[in-house]
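In each ligand, atom 1 is the first atom listed, and ligand 1 is the first ligand listed.
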Amino acid sequence: MNIDRDKLSPMMKRYFQIKDNYPDCLLFFRLGDFYEMFFDDAVTASRVLDLTLTGRDCGLAERAPMCGVPYHAVDNYIRRLIENGYRVAICEQLSDPATSKGLVDRDVVRVVSSGTVMEEDILDEKTSNYLCSIFTNSSTFGIAWTDISTGEFNVYEYSAEDYLERLSNILGSIAPSEIICNEDFVSKYQKVKYFVSNEKRAHCYHDFAYNVSTATRKILSAFKIGSLDVFELTHKNAAVCAAGGLLEYLAQTQKRSLGQLTKISYLRDKSFMMLDNATRRNLELTQRARDGKRQGSLLWVLDKTSTAMGARTLKRWIEQPLQDADAINKRLDALEDLMSSKALRERLGESFYSVRDLERLNGRLAYGNASPKDLLSISDTLEAIPQIKQLLSGATSTLVKGINRSLYSLENVCATLQSALDRDGVSSYKNGGYVKKGYDDTLDQLRDIKTSAKEWLAQLEAQEREETGIRTLKVGYNKIFGYYIEVSKSFVDKVPYRYQRKQTLVNGERYITDELKQLEEKILSAESNATALEDKIFCELKNMCFENLAKLQSNAQALSTLDCLVSLANVSVANKYVKPEINKKIKCIDIVEGRHPVVETLLDRGSYVPNDTLLDDADNRTMIITGPNMAGKSTYMRQVAIITLMAHIGCFVPAKSAKIALTDRIFTRIGASDDLSGGQSTFMVEMIEVATILNYATSSSLLVLDEIGRGTSTFDGLSIAWAVLEYITKNIKAKTLFATHFHELTELEDLEGVKNYRVLVSRANDTIVFLHKIVSGGASQSFGIEVASLAGVTKSVIDHAKSIMHSLEEDSKNRDTNEMLLSSAKKNVTAQVSLFDTQSSKIEQQIRDLDVDNLTPLQALTVLCDLKKQLED
Ligand SMILES: Nc1ncnc2c1ncn2[C@@H]1O[C@H](COP(=O)(O)OP(=O)(O)OP(=O)(O)O)[C@@H](O)[C@H]1O
Ligand SMILES: [Mg+2]
């Protein structure tokens with residue numbers, strides 16, 4: 001639609017002035033009880049929200065397309081728009097339409113996007129909601145992410161050749177709802193793998209916000225600090241730029257100070273175990289790989305938290321395992337402490353009943369949109385604290401003692417809130433009535449007037465009926481005319497002179513009298529005074545809480561940590577987990593009777609077969625695991641990885657005993673996962689993951705490689721698997737678990753540090769029984785056909801497969817191709833050269849020397865014959 005702005009009505013002119021500042025947002029323009037959208041915004045919103053598109057005169061020949069949503073139900077519409085990737089700019093009336101002359105003043109008070117949601121109904125309570133800002137230049141990235149609903153604010157920077165790879169992994173662990181970035185990043189967007197499988201787009205934000213000096217100033221003023229040293233950010237320019245960009249974006253969109261942001265945490269490189277996205281997915285840490293469901297993940301087993309903030313913390317712990325042995329052992333000691341008393345855990349659990357999501361309540365309090373109900377929730381939480389402190393008083397572990405010290409009862413705050421707020425009243429606070437009777441005398445008096453008013457009006461009605469003799473006379477009220485006396489048509493001639501007519505209806509008239517007028521004034525002023533007074537009381541209560549924000553935040557953190565620890569302690573007791581030994585001196589992964597925490601939960605109790613594991617930095621670096629399909633190879637390898645990870649979270653582990661070396665990173669290459677949307681085939685994905693492992697694994701890493709090379713032809717696959725395994729064992733020296741159906745690979749046991757293992761099965765008649773037990777030695781058979789038969793594949797197909805296999809076996813005996821391949825590979829083992837420059841054989845040299853251009857066809861044939869003969873010799 002072509003819009004001549006000069007011709008627009010004044011209100012529409014103002015609309016466009018505002019809209020110009022928010023071109024990327026849908027503008028919700030407040031008109032009375034509605035938010036209206038116009039022109040393109042209206043067309044978009046009506047489609048997404050399924051609203052009727054109407055029109056409104058705007059000064060032009062054509063009416064402006066328009067649609068609207070009622071203000072009291074706006075959250076739901078905003079949620080749907082955000083879910084569809086839109087941002088919403090909320091434009092309010094800044095002056096009171098009733099009292100202002102001319103055009104009502106309007107402006108945007110806030111922009112809501114998926115990363116800046118504060119509304120309880122829109123947020124997922126068990127997931128942090130991160131807004132993330134990325135700054136990149138040639139080989140560095142800085143990243144800042146915050147959850148403004150809780151006040152968490154982190155930054156990280158990294159500089160090295162693989163920075164985009166690292167960025168991808170960090171993004172995978174944060175899973176931000178919204179991403180902003182500097183312009184430089186836009187050109188790299190496609191190169192960050194995270195975005196291949198996540199639709200989330202990064203939207204470019206002003207470069208000026210990412211300028212170091214602007215960013216520095218922004219941080220200093222936002223956190224009211226004098227130097228970046230306070231947050232250890234001096235010389236961390238990329239992190240500073242990312243944080244500055246983020247703060248600028250928040251200032252522009254939120255238009256208020258965000259008191260919930262009290263500090264920036266800089267994540268040190270060595271603080272957390274790196275988990276790449278493939279590993280997070282393969283180990284099914286927080287969701288099942290197949291369908292993204294929480295059920296069936298490690299989080300699902302470990303999360304028995306009572307509060308939403310505890311659940312969010314636990315998820316963070318799982319996604320960011322620690323690297324610092326002291327920090328890990330603090331958690332382990334705390335668990336041990338809590339596990340020692342069942343009664344203690346039970347009573348703590350009971351105390352948690354009244355603990356609400358204090359972290360987000362604090363967020364809303366600081367943001368300025370806390371409701372009376374929120375304040376009551378804060379006081380409910382505070383009420384639980386004295387008892388919790390009492391329960392923790394006997395604690396022996398450093399962490400739990402620290403939690404106890406960080407808990408503040410704030411008795412006065414709690415008591416004031418409890419005495420002020422009415423539990424039934426707070427849920428419908430918009431109509432007032434949430435302040436308890438007895439809290440404020442004036443308020444009670446004003447309310448008395450309201451209650452008495454009913455009696456007065458009834459009295460007045462009776463009195464008027466009596467005086468006039470009109471039996472059907474009624475006293476009523478409506479918003480526009482206020483109180484009135486209604487008389488039906490047939491009695492109108494009986495109306496006394498003192499009645500003043502106000503409104504004519506079809507079958508009656510409405511009047512007012514002086515007495516009614518006075519009464520009305522008294523009632524209405526009492527009502528508005530009561531509302532104003534309630535507002536004032538509410539503000540005082542909010543201020544009282546806000547003054548204690550630091551202590552409330554400390555409580556939130558302590559309670560969520562405690563909730564998390566109690567949950568892990570309960571799970572550890574229920575599932576018979578043990579305390580792992582983990583410290584700098586331990587160099588091995590030595591697990592006795594380890595179990596897979598998720599698989600064992602899904603099986604009947606006691607039917608999971610435990611297995612031992614020994615990996616060290618000498619003779620037992622690499623386990624090659626062979627065995628039939630369905631035997632349990634993949635499960636076993638994941639089990640070792642998950643137990644290692646659990647130990648780094650500071651959690652007890654499913655085993656009889658476990659010693660776990662500090663591990664810098666767990667790499668996994670498991671199963672075939674197509675990435676067709678990302679334009680990569682199964683084999684390509686597999687090889688990219690292998691390349692990552694070879695590039696970045698260290699001797700302190702744990703590698704889980706499941707059937708490397710199965711996505712291509714047997715020879716290619718076997719060759720790649722062989723070469724990869726040999727490279728890892730000789731050069732990287734990482735602890736490695738390697739499952740394969742290429743039984744030829746068992747020959748690699750000749751290498752230092754490699755050990756063969758197989759999974760036991762027993763064979764009875766024509767079928768096999770899985771024992772799921774890992775023992776020393778290599779397997780020689782895969783029993784693939786037997787497994788297919790067990791799976792119910794048609795008998796004729798099975799029989800055919802058997803006969804094909806039989807003839808293949810005969811064939812291979814004759815030609816011994818496998819032997820050939822093996823021997824050539826093994827020669828390389830001793831020759832210490834890569835598998836792929838096979839000995840420049842004599843034959844190869846002869847071919848190289850040929851002058852093809854000067855060869856007759858006959859000569860060519862003779863040469864070929866000669867070569868073939870040499871080969872056969
Ligand atoms: N230790 C165990 N105790 C009991 N059941 C187990 C155990 N390990 C595995 N299983 C069961 O066996 C099933 C198959 O295991 P898994 O997928 O690990 O086999 P696999 O050897 O990797 O097979 P494939 O070679 O076909 O990939 C699992 O789904 C699980 O139900
Ligand atoms: Mg497997």
Side-chain angles (χ1 to χ4, degrees), residues 278-279 281-284 288-291 293 295-298 300-301 575-577 591-613 623-643 653-656 658 668-673 682 685-686 689 703-711 714 717-718 721 725 736-746 756-763 767-775 777-793 798 801:
T279 299
R281 189 184 59 237
N282 288 333
L283 296 183
E284 309 192 296
R288 221 158 40 175
R290 208 170 345 132
D291 50 13
K293 288 221 172 98
Q295 185 168 19
S297 68
L298 179 64
W300 171 73
V301 173
N575 298 347
K576 300 199 165 57
Y577 294 171
I591 302 169
V592 178
E593 297 195 8
R595 285 125 44 205
H596 189 301
V598 181
V599 179
E600 82 163 341
T601 322
L602 297 173
L603 295 179
D604 290 339
R605 213 178 170 80
S607 57
Y608 191 88
V609 181
N611 275 302
D612 300 346
T613 307
M623 292 175 78
I624 297 180
I625 305 160
T626 43
N629 293 100
M630 272 299 283
K633 301 182 294 297
S634 303
T635 310
Y636 174 73
M637 295 198 299
R638 284 193 178 117
Q639 158 189 320
V640 176
I642 290 179
I643 289 177
V653 298
K656 201 167 174 194
T668 57
R669 164 58 226 167
I670 290 179
S673 54
T682 313
V685 174
E686 178 176 335
E689 287 178 12
L703 273 49
V704 170
L705 304 171
D706 200 351
E707 299 191 38
I708 291 266
R710 77 162 168 195
T714 315
L718 175 52
L725 194 53
T736 309
L737 295 152
F738 195 105
T740 184
H741 286 289
F742 297 131
H743 297 133
E744 296 81 354
L745 289 180
T746 51
N756 280 328
Y757 290 87
R758 67 198 163 96
V759 198
L760 280 185
V761 284
S762 71
R763 199 166 184 174
T767 173
I768 48 174
V769 179
F770 301 109
L771 301 176
H772 304 302
K773 199 77 199 163
I774 308 279
V775 295
S780 55
Q781 244 187 309
S782 274
F783 296 101
I785 295 178
E786 283 78 356
V787 173
S789 166
L790 279 179
V793 174
I798 297 289

Completion exercise
side chain to side chain contact (heavy atoms under 4.5 Å, CB included) with R669: of N282, V704, I708, T279, only one passes, and it is I708
Fill in the blank from the handout: atom 22 (O) of ligand 1 has as its nearest protein heavy atom S634 OG, 2.7 Å
Exercise for the section: Please work out whether any backbone atom (N, CA, C, O) or any side-chain heavy atom from C-beta onward of S607 is under 4.0 Å from ligand 1, and answer side chain, backbone, both or neither. Expected result: backbone
Practice task
Identify, by atom number and element, the atoms of ligand 1 in contact range of H741, meaning under 4.0 Å from any of its heavy atoms.
Solution key: 25 (O)
Exercise for the section: Please determine, by modelled atom types, if H772 and N611 share a side-chain donor-acceptor pair under 3.5 angstrom. Expected result: no
Handout entry: N or O pair under 3.5 Å between A631 and ligand 1
Key = yes
Handout entry: Closest to atom 27 (O) of ligand 1 among K633, E707, Q639, M637 (heavy-atom distance)
Key = E707
Exercise for the section: Quick one: closest heavy-atom pair of A658 and V653, and the distance? Expected result: CB-CG2, 3.8 Å
Practice task
Kindly confirm whether the Mg ion (ligand 2) is within less than 2.8 Å of some N/O/S atom in S634?
Solution key: yes
Fill in the blank from the handout: Closest to atom 30 (C) of ligand 1 among protein heavy atoms sits V599 CG1, 4.3 Å
Exercise for the section: Of the side chain and backbone of P628, name the one, both, or neither that has a heavy atom under 4.0 Å from an atom of ligand 1. Expected result: backbone
Exercise for the section: Measure the distance from atom 12 (O) of ligand 1 to every protein heavy atom, then report the residue, atom name and distance (to 0.1 Å) of the closest one. Expected result: H772 CE1, 3.4 Å
Practice task
Indicate yes or no: does an N/O atom of Y636 lie under 3.5 Å from an N/O atom of ligand 1?
Solution key: no
Exercise for the section: Scan side-chain atoms only and decide if D706 and S634 contain a donor-acceptor pair under the 3.5 Å cut-off. Expected result: yes
Exercise for the section: Please answer whether the main-chain N or O of K293 pairs with a side-chain N or O of S297 as donor and acceptor at a distance below 3.5 Å. Expected result: no
Practice task
In plain terms, say whether E689 and R281 are close enough for a salt bridge, that is, a side-chain N and a carboxylate O under 4.0 Å apart.
Solution key: yes
Practice task
Consider only side-chain N and O atoms of Y636 and T613, and report whether a donor and an acceptor are under 3.5 Å apart.
Solution key: yes
Problem - Check: K633 side chain, P628 main-chain N or O, donor-acceptor pair, under 3.5 Å - result: yes
Practice task
Begin with the C-alpha distance, continue with both residues' side-chain angles, and end with the deciding distance and a verdict on side chain to side chain contact (heavy atoms under 4.5 Å, CB included) for I624 and Y757.
Solution key: CA-CA 6 Å; I624 297 180; Y757 290 87; over 6 Å; no
Exercise for the section: Give the residue and atom name of whichever protein heavy atom lies nearest to atom 19 (O) of ligand 1, and the separation in Å to one decimal. Expected result: G632 N, 3.1 Å
Completion exercise
re atom 16 (P) of ligand 1, the protein heavy-atom contact at minimum distance is T635 OG1, 3.4 Å
Problem - For atom 3 (N) of ligand 1, closest protein heavy-atom neighbour - result: V609 N, 2.8 Å
Exercise for the section: Give yes if a backbone or side-chain nitrogen or oxygen of L603 is under 3.5 Å from a nitrogen or oxygen of ligand 1, and no if not. Expected result: no
Handout entry: Minimum-distance protein heavy atom relative to atom 26 (O) of ligand 1
Key = N629 ND2, 3.1 Å
Practice task
Could you check which of M630, R595, E600 puts a non-hydrogen atom nearest to atom 24 (P) of ligand 1?
Solution key: M630
Practice task
Output yes when a side-chain donor or acceptor of N575 lies under 3.5 Å from a complementary backbone atom of Y577, and no otherwise.
Solution key: no
